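Input: a single structure, listed below in structure tokens.
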Amino acid sequence: MNYFLKRTIQLICTLITVSIITFCAFYVIPGDPARVILGPDASDEQMDNLREDLGLNRSFPVRYFRWVSGALTGDLGKSLTFRQPVSELLGQKLPVTLSLAAMALLITMLISFPLGILASGRPGKFLDQLLSVLGNIFFSFPPFVLALLMTLLLGLTLKLFVAGEYISFTESVPGFLASLFFPALAVAVPKIAISQKFLRASILAEKNKEYVRAAKSRGLSDTKAMVLHIIPNSLVPIITVFTIIASEILGGSLVVEMVFNIPGISRLLITAINVRDFPLTQGIVLYLAGMTVIVYFLADILHSLVDPRIRLK
Amino acid sequence: MRNIIRYHRHSPYLIVGSFFVGIVLFAVLISFFYLPHDPYATGIATKLIAPEFEHPFGCDHEGRDVLSRVILGTRPTVLISLSGILIALVLGLIIGSIAGRVGGLIDNLLMLLSDSIMAFPGILLALVFVAVIGRGMLSIILGLGIVFAPSYARIVRSGIRQLNNREYILLARLIGVKTPRLLVVHLFPGLLPQLLPALVVGIANMALAEAALSYLGQGVQIPLPSLGNMLMEGQSYITSAPWTVIFPSLFLVMYVLGLYFISEGIRIKYGSGGTEK
């Protein structure tokens, strides 16, 4: 079967399963959303009317299809506490979280690629060993502990940034990016370590391939072979690594946002969980998971374009 | 003892890792017998005092001894990470062996399910779990167990598929070994080289997830101390009393770093390349 078609079907199946998991999780919980909205003093009649409005007394499949078709058209229902459409709330907060994640991803690439190339230069020598040990140490630093320590060292002691200060996108764009820099760095550091490690291994594997030796024996200099052949080819397997990293960065940003007091999706999610605002929680979870699935899909497509052999597997 | 040290002499990762994890496990052990101070005793006189002889790690905003709380706080972290990984492993073994042995449609469905669970970024699904079943130790363990299970199911499944066609497995089936025995006696041991490092890393990731959940106020609930919720409480006082943040972080990082190092050591020693998540 055509690879793209097969992959698209897979994408749709995964999205459906993700939506079912998200929906079921909140379907089975005890507690009545109508009671949450109206409070303990509401009469039975009021409760019945509201249940009718929210479609709560329909059967499970009907409710699921309503919810999914709503989600597809961008209507995720109304938040119980904020009395605002969920999609509106998401639209306000999601860009902040996504900018943070994107910046973290960019920092990861910008730092880990040179380090990976540097480490693969003379494998087993001092620099390589040092990077490997440092990598293993930083790899195991939880992003939020790193964020706290950064606040302590860089923010409070060295005064590189003001702890807890956040400049919104509408106020000033450079200010917004600057206030996201350190949070993004905290998210990125463990990922830099892992990406550097994979890139080093990938370059070393590529270096010993026959086409590189053939190119060199025809008189290609080491630098040219590195830049023209080895690095581009060793980046191909890194695509997969980066897909996983991207998903983890999104998860890591959630916690780091709380440390740096950034008004992203995280605070909204925690509030929603604390006050048991399930339409809102459901909407956030579905969007975040759905985005991850789509990123995986796009990465697979990119991978197959760069390396068509994948399509045969 | 000397032989053990000599045997591990060439794997510094294993030694350093075991040392770090040993410190944390030791803290858990002594938490059952002795705490320097009552971890719940508050006091205005000791409010936010800096580390000194009587309180080596200082005191927090309610005047509680940070050392005692750190010692007690290692307990939920270690308990949750170990029991959570056990659940993840058991689920992973069951799902992975069904998918690997039966194959076909069931295999596809199970893998679709595990793909979908893995699509939820980081601790998001664990947060959902806590939101649904309620906070508390048991729901964290269960939630994290389910979140981590798919990655082990994948390792088990692909391992079993590789081993399925080995001669010793075919011969075992030929002489009539039943499937359960075949799995437990013949297939599972063959998976150990891949499974063991992944399990050790899994314990570390689970400890991190627990700490993150507690930090967000969704995990271990105050007043019961855990390394994560101590960080949450200490964060507001990070300027005036950094020790309330530094010492819990130190123990968390030692545990996680130690486990990663052990896993790296196992991997180098038994040469089963590839870094798992």
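Owing to the predicted nature of the structure, the values given are computational and were not obtained by experimental measurement. Lettering of chains follows the sequences in order, A, B, ..., and the numbering in each one begins at 1.
When side chains are defined from C-beta on, B:L216 does not count as touching A:F144, because their heavy atoms never get closer than 4.5 Å. By the 4.5 Å heavy-atom criterion applied to side chains, A:I21 and B:I117 are counted as neighbours.
Taking CG of A:L288 as the reference point, atom CG of B:L125 lies at 12.0 Å (rounded to 0.5 Å). A distance of 6.5 Å separates CD of A:Q10 from CG of B:D115, quoted to the nearest 0.5 Å. The line from SG of A:C13 to CE of B:M111 is 15.0 Å long, rounded to the nearest 0.5 Å. Within the model, atoms OG1 of A:T151 and CD1 of B:I238 stand 5.0 Å from one another, a figure rounded to the nearest 0.5 Å.
Of the two parts of B:A211, the backbone and the side chain both hold a non-hydrogen atom closer than 4.5 Å to a non-hydrogen atom of chain A. Of the atoms belonging to B:A212, heavy atoms from both backbone and side chain fall under 4.5 Å from chain A. Contact of B:Y13 with chain A is made through the side chain alone, with heavy-atom distances under 4.5 Å. In this structure, chain B has heavy atoms under 4.5 Å from both the backbone and the side chain of A:S132.
Within 6.0 Å of the OH atom in A:Y64, the count of heavy atoms belonging to other residues, nucleotides or ligands exceeds 12. By the 6.0 Å contact criterion, CG on B:L109 is enclosed, its count of non-hydrogen atoms from other residues, nucleotides or ligands being greater than 12. For B:I106, the CD1 atom sits in a loose shell: 12 or fewer heavy atoms of surrounding residues, nucleotides or ligands are nearer than 6.0 Å.
Among A:V145, A:V293, A:N274, the residue with the largest count of heavy-atom pairs under 4.5 Å with chain B is A:N274. Across A:L149, A:T14, A:I16, the residue that shares the most heavy-atom pairs under 4.5 angstrom with chain B is A:T14. Top candidate by heavy-atom pairs under 4.5 Å with chain B, chosen from A:V285, A:V255, A:V241, A:N136, is A:N136. Chosen from B:I246, B:L231, B:L213, B:L113, the residue pairing most often with chain A at heavy-atom distances under 4.5 Å is B:L231. When the candidates A:I137, A:I284, A:L250 are compared by the number of heavy-atom contacts under 4.5 Å with chain B, A:I137 comes out ahead.
For the pair B:Q235 and A:V259, the tightest heavy-atom approach, listed with the atom from each and the gap, is NE2-O, 3.0 Å.
Contacts of residues 252-259 of chain B with chain A at a heavy-atom distance below 4.5 Å involve B:L252, B:V253, B:V256, B:L257, listed in sequence order.
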